[in-house]
Amino acid sequence: MAVTVSILGSGSRGNATFIKTDRVRLLIEAGFSRKELSARLEAIGEDPEGIDAVLITHEHTDHVSAIRGLLKELRIEAYMTWGTIRALGAEAFELNGSRIVPIQPGVPFTVGDVEAMPFSIPHDAAEPVAFRLRANGVQISQLTDIGHFSDAAAENLRGADVLILESNHDLDMLRAGPYPWNLKQRLLGRFGHLSNTAVGRFICDQFDGRAAHLLLAHLSSRNNHPELARQESLRALRRRGLEGIRLAVTGQDVPGQPIYLG
């Protein structure tokens, strides 16, 4: 009755989270090449051919690079909103026994022994969602690619045992960095990405403090540094007296150590 969670990689060059229960192996995102995704699954001792389902949050390349290949080569189910399906042109994908399952924000669905709740998020994509998953008494909430904490998004993080949360950029590094002003505006906007500061504010004001594991994800390689992200969240946790939470910063290049729950 165990649940395994592993961040295979998170950042602007690719995203994928692996979750295994007694009955199902699934991915949230498939943002690496098919070859790279297989290598990362093998690196944590998992069979790349053993994936049952993929949950896609939105159509940006760093979240969907392998989805066409997975649907063609394996017999899997891919869950995504109609907005994402249309943005990807996924209705024309070659399936070979796989299946694309349309989902709606706010409407739960089941994959094996996992109950998944997709919820709407503010991001510059066609119909983006994030996911709250429950299995074997464990809740995993993953929230990345979001410009600000809407009340609905914050509510869906409550009760998480594992919380995977975007901490994309350091405000000073982004403002002083090499990006053109229009891109900086996009990242800083209400439909862009969360800063370290926004995450610290969430921890102080809205976080319920229940999670045993807090994983900071989707860090920018140019506009952030792992230690800056970690220290911002660590200070907020200490202000709340939540020093028992295991805080980790996920990386882009190698999978994180699996977390075993239940």
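Worth knowing before you read on, the calculation uses all heavy atoms, side chains too, and leaves out hydrogens, waters and symmetry mates.
When each of R68, K35, R34 is tested with E73 by the rule salt bridge (charged side-chain N to carboxylate O under 4.0 Å, His left out), just one qualifies, namely R34.
Looking at heavy atoms from C-beta onward, N15 lies in side-chain contact with S10 at the 4.5 angstrom threshold. In this structure, the side chains of P118 and Y79 stay at 4.5 Å or more apart for every pair of heavy atoms. Counting heavy atoms from C-beta outward, L143 and I121 have side chains that approach closer than 4.5 Å. Proximity of D170 to N223: side-chain heavy atoms (C-beta onward) are nowhere separated by under 4.5 Å. L26 is not listed as a side-chain neighbour of V54, based on a closest heavy-atom distance of 4.5 Å or more. At a threshold of 4.5 Å between non-hydrogen side-chain atoms, the residues V5 and P258 do not count as touching. Side-chain contact check for F131 versus I103: some heavy-atom pair is nearer than 4.5 Å.
With a 6.0 Å radius and a threshold of 12 heavy atoms from other residues, nucleotides or ligands, R239 has its CZ atom above the threshold. More than 12 heavy atoms of other residues, nucleotides or ligands lie within 6.0 Å of CG in N96, so this atom counts as buried by the packing criterion.
Evaluation of the side chain to side chain donor-acceptor pair (under 3.5 Å) test over residues 100-116, restricted to residues two or more places apart or in two chains, returns T21-D113. Applying the ring-ring contact (aromatic ring centres under 6.0 Å, His included) test to pairs two or more places apart or on separate chains, those with a residue in residues 38-65 are H58-H60, H58-H63, H58-H123, H60-H123, H63-H218.
Donor-acceptor pairing under 3.5 Å is lacking for the side chains of E77 and S98. Of the N and O atoms on the side chains of E29 and T17, not one donor lies less than 3.5 Å from an acceptor on the other residue. Between the side chains of E36 and S38, not a single donor N or O lies within less than 3.5 Å of an accepting N or O.
Residues meeting the side-chain contact (heavy atoms from CB on, under 4.5 Å) test with R75, sequence neighbours left out: none. With sequence neighbours left out, Q257 forms a side-chain contact (heavy atoms from CB on, under 4.5 Å) with no residue at all. Partners of D124 by side chain to side chain donor-acceptor pair (under 3.5 Å), not counting sequence neighbours, listed by chain and number: R186. For A16, the side-chain contact (heavy atoms from CB on, under 4.5 Å) partners two or more places apart in sequence, or in a different chain, are L8, F32, L37. Looking at residues two or more places apart in sequence or on another chain, you find no ring pair (Phe, Tyr, Trp, His ring centres under 6.0 Å) involving F93. With sequence neighbours excluded, no residue forms a ring pair (Phe, Tyr, Trp, His ring centres under 6.0 Å) with F119.
Counting only distance, with no hydrogens or angles, the side chain of D161 and the backbone of Q139 share a donor-acceptor pair below 3.5 Å. Of the possible donor and acceptor atoms, none in the side chain of K72 sits under 3.5 Å from a partner among the backbone N and O of E94.
In the hydrophobic clustering (ILVMFWY side chains linked at under 4.5 Å, chained through shared members), L188 is joined by L171, L174, Y179, L183, L187. If you chain together ILVMFWY residues whose side-chain heavy atoms come under 4.5 Å of each other, L228 ends up grouped with M173.
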Could you pull out all donor-acceptor pairs under 3.5 Å where a side-chain atom in residues 246-256 meets a protein atom, sequence neighbours excluded?
{"residue": "T250", "atom": "OG1", "partner": "L216", "partner atom": "O", "Å": "2.9"}
{"residue": "Q252", "atom": "OE1", "partner": "S12", "partner atom": "N", "Å": "3.2"}
{"residue": "Q252", "atom": "OE1", "partner": "R13", "partner atom": "N", "Å": "2.8"}
{"residue": "Q252", "atom": "NE2", "partner": "G14", "partner atom": "O", "Å": "2.9"}
{"residue": "D253", "atom": "OD1", "partner": "R13", "partner atom": "NH1", "Å": "3.4"}
{"residue": "D253", "atom": "OD1", "partner": "R13", "partner atom": "NH2", "Å": "3.1"}

Residues 190-199, side-chain donor-acceptor partners within the protein, below 3.5 Å, at least two apart:
{"residue": "R190", "atom": "NH2", "partner": "H148", "partner atom": "NE2", "Å": "3.0"}
{"residue": "H193", "atom": "ND1", "partner": "E166", "partner atom": "OE2", "Å": "2.6"}
{"residue": "S195", "atom": "OG", "partner": "T197", "partner atom": "N", "Å": "3.4"}
{"residue": "S195", "atom": "OG", "partner": "A198", "partner atom": "N", "Å": "3.0"}
{"residue": "N196", "atom": "OD1", "partner": "S167", "partner atom": "OG", "Å": "2.6"}
{"residue": "N196", "atom": "OD1", "partner": "N224", "partner atom": "ND2", "Å": "3.0"}
{"residue": "N196", "atom": "ND2", "partner": "N224", "partner atom": "OD1", "Å": "2.9"}

